[in-house]
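Data first, discussion second: the structure below is written as structure tokens.
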Amino acid sequence: MSQPGLTGKSHDIPKRLIWAAWLKVKGNGGAAGADGVTIEQFETRLADNLYRLWNRMSSGSYFPGPVRAVEIPKKGGVRILGIPNEVISTRFG
């Protein structure tokens, strides 16, 4: 009896989707992430960084970090806002 093997990636994520997300982050003037990497630092090896991110996401080895709750003052109280708190590092060298 043989075991079925994995064929291909576990998630079909088009590379153009990662590129479109990058353009949105850059267009919004995204701040440094939890790993401290700025947009400018990420861009120095943009193709490598985007490929590695895509590869981790499409292979199923990317797991987002926990969400941090932040209280935002509102009229009559506060509202809880969830802030992504990524623990992964994009410092690839």
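All residue numbers in this chain count up from 1 along the given sequence. Computed from a predicted model, the values in this text were never measured in an experiment.
Atom-to-atom distance recorded for I13:CD1 and W54:CH2 is 8.5 Å, nearest 0.5 angstrom. Atoms CZ and CG, from R68 and L81 in turn, are 9.5 Å apart once rounded to the nearest 0.5 Å.
In terms of the side chain to side chain contact (heavy atoms under 4.5 Å, CB included) criterion, residue partners of P14 (sequence neighbours excluded) are, by chain and number, R16, L17. Looking at residues two or more places apart in sequence or on another chain, you find a side chain to side chain contact (heavy atoms under 4.5 Å, CB included) between V25 and I39. Partners of T44 under the side chain to side chain donor-acceptor pair (under 3.5 Å) rule, at least two apart in sequence or in another chain, do not exist in this structure. Residues passing the side chain to side chain donor-acceptor pair (under 3.5 Å) test with K26, sequence neighbours excluded: E43.
V70 and V78 end up in different hydrophobic clusters when Ile, Leu, Val, Met, Phe, Trp and Tyr side chains are linked at under 4.5 Å.
Contact between W19 and L50 at its shortest, heavy atoms only, is CE3-CD1, 3.5 Å.
Sorted by first and then second residue, the side chain to side chain donor-acceptor pair (under 3.5 Å) pairs involving residues 70-82 (not counting sequence neighbours) form an empty list.
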Mind running side chain to side chain contact (heavy atoms under 4.5 Å, CB included) on I18 and W22 for me, showing each step along the way? CA-CA 6 Å; I18 302 301; W22 159 251; 5.7 Å; no
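With hydrogens and angles disregarded, a donor-acceptor distance shorter than 3.5 Å links the side chain of N28 to the backbone of K24.
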